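Everything below concerns the one structure shown next.
All residue numbers in this chain count up from 1 along the given sequence. Predicted, not measured: the structure shown is a model, and the values here were computed from it.
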Amino acid sequence: QVQLVESGGGAVQAGGSLRLSCTASGSIISIQLMGWYRQAPGNKRELVATNKNGGVTNYADSVQGRFTISRDNPKNSVYLRMNSLKPKDTAVYYCAAVLVTRRSCHPARYWGQGNQVAVPI
């Protein structure tokens, strides 16, 4: 059983900063990718940022230059530093990991529980 536990969401004024954290635990053999997605009310879930093995990162255009994703591989953790937050960043943020477990030979995607980030207008 794999769990992704998130922390760090909340409400912040426009222009402020937040840091999200996510740690994966369970019968994990290897992690190929960790990242963050978000879903605003009425919208589809969208990619925010990902961090693949080797440190290759990918960002949505809307957050490029404001958000920074990082990983701590020994801790199976991923972080998202969000600066210069805007009202349009308001959403539920989900941690995601693509990993291999002892029960499966194939990588599979797992999701965290989601964390609300609110940036009032």
Side-chain angles (χ1 to χ4, degrees):
Q1 189 75 8
V2 173
Q3 281 190 315
L4 272 63
V5 178
E6 305 176 29
S7 63
V12 64
Q13 291 184 341
S17 299
L18 283 174
R19 183 175 182 256
L20 302 180
S21 301
C22 172
T23 297
S25 64
S27 56
I28 299 169
I29 294 177
S30 64
I31 300 178
Q32 280 70 45
L33 174 150
M34 298 190 81
W36 295 93
Y37 292 71
R38 67 186 181 187
Q39 187 168 15
N43 291 354
K44 295 181 179 180
R45 190 172 298 187
E46 62 177 9
L47 179 146
V48 175
T50 59
N51 186 314
K52 295 182 180 180
N53 286 352
V56 177
T57 57
N58 182 42
Y59 293 93
D61 290 343
S62 59
V63 307
Q64 184 78 44
R66 300 187 296 123
F67 291 10
T68 302
I69 188 171
S70 60
R71 281 174 65 178
D72 186 333
N73 291 331
K75 294 183 178 180
N76 288 343
S77 295
V78 64
Y79 310 96
L80 186 69
R81 177 66 179 180
M82 303 182 290
N83 294 329
S84 303
L85 282 160
K86 305 175 182 180
K88 66 179 181 179
D89 295 318
T90 295
V92 176
Y93 283 69
Y94 295 91
C95 172
V98 176
L99 53 87
V100 177
T101 70
R102 292 189 180 91
R103 295 185 61 183
S104 172
C105 299
H106 304 287
R109 187 187 300 271
Y110 292 82
W111 294 96
Q113 80 277 12
N115 237 347
Q116 178 70 51
V117 171
V119 187
I121 296 174

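Residue pairs meeting the salt bridge (charged side-chain N to carboxylate O under 4.0 Å, His left out) criterion with at least one member in residues 23-50, sequence neighbours excluded: Arg38-Glu46, Arg38-Asp89. For residues 88-121, every residue pair satisfying the disulfide bond (SG atoms under 2.5 Å apart) rule, not counting sequence neighbours, is listed here: Cys22-Cys95. Within the structure, no pair that satisfies the salt bridge (charged side-chain N to carboxylate O under 4.0 Å, His left out) test touches residues 1-14, not counting sequence neighbours. Residue pairs meeting the ring pair (Phe, Tyr, Trp, His ring centres under 6.0 Å) criterion with at least one member in residues 48-99, sequence neighbours excluded, do not occur. The stretch residues 13-58 participates, sequence neighbours left out, in these ring pair (Phe, Tyr, Trp, His ring centres under 6.0 Å) pairs: Tyr37-Trp111. The ring pair (Phe, Tyr, Trp, His ring centres under 6.0 Å) pairs that include a residue from residues 10-29 number zero, where partners must be two or more places apart or lie in different chains.
For Ala108, the side chain to side chain contact (heavy atoms under 4.5 Å, CB included) partners at least two apart in sequence or on another chain are Tyr110. Every side chain to side chain contact (heavy atoms under 4.5 Å, CB included) that Ser7 has, sequence neighbours left out, goes to Ser21. Under the rule for a salt bridge (charged side-chain N to carboxylate O under 4.0 Å, His left out), Arg19 has no partner lying at least two apart in sequence or in another chain. Among residues two or more places apart in sequence or in another chain, the side chain to side chain contact (heavy atoms under 4.5 Å, CB included) test is passed with Asn76 by Ala24, Ile28, Ile31. Annotation: side chain to side chain contact (heavy atoms under 4.5 Å, CB included) contacts of Asn58 (sequence neighbours excluded): Leu47, Thr50.
Across Leu80 and Ala49, no two heavy atoms sit closer than the pair CD1-CB, 4.3 Å. When every heavy atom of Ser84 is checked against every heavy atom of Arg66, the shortest pair comes out as O-NH1, 2.9 Å. Across all non-hydrogen atoms, the minimal contact from Pro120 to Ala118 is CD-O, 3.6 Å. Of all heavy-atom pairs between Gln116 and Ala91, the closest is NE2-O, 3.3 Å. Contact between Ala14 and Pro87 at its shortest, heavy atoms only, is CB-CD, 4.2 Å.
Side-chain contact between Thr101 and Leu99 is present, with heavy atoms from C-beta onward closer than 4.5 Å. Under the 4.5 Å side-chain criterion, counting only non-hydrogen atoms from C-beta, Val117 is in contact with Leu18. You'll find the side chain of Gln32 reaches within 4.5 Å of the side chain of Val100, heavy atoms only.
Within the model, atoms CG of Asn83 and CZ of Arg81 stand 5.0 Å from one another, a figure rounded to the nearest 0.5 Å. For the atom pair CD1 (Ile121) and CD (Gln13), the distance works out to 13.5 Å, reported to the nearest 0.5 Å.
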Test side chain to side chain donor-acceptor pair (under 3.5 Å) on Asn51 and Thr57 and set out the steps. CA-CA 4 Å; Asn51 186 314; Thr57 57; over 6 Å; no
Do Ile69 and Val78 pass the side-chain contact (heavy atoms from CB on, under 4.5 Å) test, and can you show the C-alpha distance, the side-chain angles, and the key distance before you say yes or no? CA-CA 7 Å; Ile69 188 171; Val78 64; 3.7 Å; yes
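A side-chain donor-acceptor contact under 3.5 Å links Thr23 and Ser77. Between the side chains of Gln64 and Ser62, not a single donor N or O lies within less than 3.5 Å of an accepting N or O.
Under a 4.5 Å side-chain heavy-atom cut-off, the cluster of Ile, Leu, Val, Met, Phe, Trp and Tyr residues that includes Val5 has no other member.
Following chains of ILVMFWY side-chain contacts shorter than 4.5 Å, one can reach Leu20 starting from Val12, so the two form part of one hydrophobic cluster.
Within a 6.0 Å radius of CD in Gln39, more than 12 heavy atoms belonging to other residues, nucleotides or ligands are found.
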